[in-house]
**Q** 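Have a look at the structure that comes next, please.
Sequence positions, counted from 1, serve as the residue numbers for this chain. The shown structure was predicted, so the numbers you read here are calculated from the model rather than taken from an experiment. Read the numbers this way: they start at 1 and go in the same order the structure lists the ligands and their atoms.
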Amino acid sequence: MQSATNFILNGEATSVEARPDTTVLDMLRTKLDRKGTKEGCAEGDCGACTILFKRHGATTAHPEPANACIMTLAQVEGGEITTVEGVGNGVMSDLQARMAENGSSQCGYCTPGIVMALSGLLMRTPEPQEDEIHDALAGNLCRCTGYKPIVDAAKAAVGEQLYGTAKRGAALPFSASASVDGSTVIRPHTVDELLAAKAEHPEAVLLAGGTDLAVPLAGYEAEWREIITTGTVAELRALHATATEYEIGAAVTWEELMHAVADDYPSFATLIRRFGSTQIRSMGTVGGNVGTASPIGDGPPSMIALGSTI
Ligand code: FES
Ligand code: FES
């Protein structure tokens, strides 16, 4: 079993030796000295810690915004992380320059997260409508500037190339397990492997997106000795539509489901759009939302109303 976690950081192959239950925010700031990514709430609400993330094996072209404070090293093996230090290729990106010019930043604490959330939007949607800009900022709190100049800067930056390096997309080794200082992660590829791992490690945390489960970790109120990831299981990442129903793998994210059902169930898609923020929806999963059995879980009421079965 290996001890390092391997991923691409801002275009460079990177290897970190740290417990798999270390948050990505802690890893960036304390292990890699990338202090541009900020900590505000440490529970997925404020967006100060926003990074862009492309998971191992992702089929989408672009990375998605995610909250580094509630994401763990267990989840990033073989993936690609971009921090605020990685936009603009060493000079300010067009978005950053426009935000600096028009006073989009005062204390600046929220600014890196806002840059990353908007960079994610502009990469997905080069000419976003105003409501898409507002949606992209739904997970980012700014208490002192106000959003108008920020939205104006995003509008002005429409169509700009935000970043890109030739090194991105490099093939990385993918380790199915890692163990450091008493914390172990197992990353199964099939449901059978997952069930076998769970039988062998009955106390292991089943980690999907971690948007709920990882909040105590971010507050240093918990540690995980054993972790089994669900996002590495191909069957659980599958989303099939038939003539009569959708079959949704437990590790499908809410952002993926929102786009998939937009034509057939527009009101369900509208409801999902209100679910957390882009950062939360791009990591949080349908199975995780059911599995955590939270009394304030957003998914189950509408899924019950739609006649879903598990
Ligand atoms: Fe607030 Fe991560 S620090 S969302
Ligand atoms: Fe101060 Fe946004 S510029 S919180």
**Q** Could you please give the number of protein N/O/S atoms within less than 2.8 Å of atom 1 (Fe) of ligand 2?
**A**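 For atom 1 (Fe) of ligand 2, the figure is 2.
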
**Q** Grab the two heavy atoms, one from A117 and one from T50, that are nearest each other, plus how far apart they are.
**A**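 Looking at all heavy atoms of both residues, the closest pair is N-CG2, 3.9 Å.
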
**Q** State whether R237 and E256 are salt-bridged, where the test is any N-O pair (Lys NZ or Arg NE/NH1/NH2 against Asp/Glu carboxylate O) under 4.0 Å.
**A**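 Yes.
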
**Q** Going through the distances and angles, do E85 and T83 end up as a side-chain hydrogen bond (donor to acceptor under 3.5 Å, both in side chains)?
**A** CA-CA 5 Å; E85 292 93 348; T83 66; 2.5 Å; yes

**Q** Would you mind reporting whether Q96 and V84 have side-chain heavy atoms less than 4.5 Å apart?
**A**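 V84 reaches Q96 side chain to side chain.
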
**Q** Scan K148, R98, M99 and name whichever one has a side chain to side chain contact (heavy atoms under 4.5 Å, CB included) with S104.
**A**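 Exactly one option meets the side chain to side chain contact (heavy atoms under 4.5 Å, CB included) with S104, and it is M99.
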
**Q** Where the side chain of T184 meets the backbone of S179, is there a donor-acceptor pair that is under 3.5 Å apart?
**A**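 No.
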
**Q** Should D264 and Y246 count as side-chain neighbours, where that means a heavy-atom distance under 4.5 Å?
**A**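 In contact.
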
**Q** Of all heavy-atom pairs between R187 and A74, which one has the smallest distance, and what is that distance?
**A**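 For R187 and A74, the tightest heavy-atom pair comes out as NE-O, 3.0 Å.
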
**Q** At a cut-off of 2.8 Å, what protein N/O/S atoms sit near atom 2 (Fe) of ligand 1?
**A**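 Near atom 2 (Fe) of ligand 1, the protein supplies C49 SG, C69 SG.
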
**Q** Step by step, work out the side chain to side chain contact (heavy atoms under 4.5 Å, CB included) result for Y265 and L271.
**A** CA-CA 10 Å; Y265 292 95; L271 183 144; over 6 Å; no

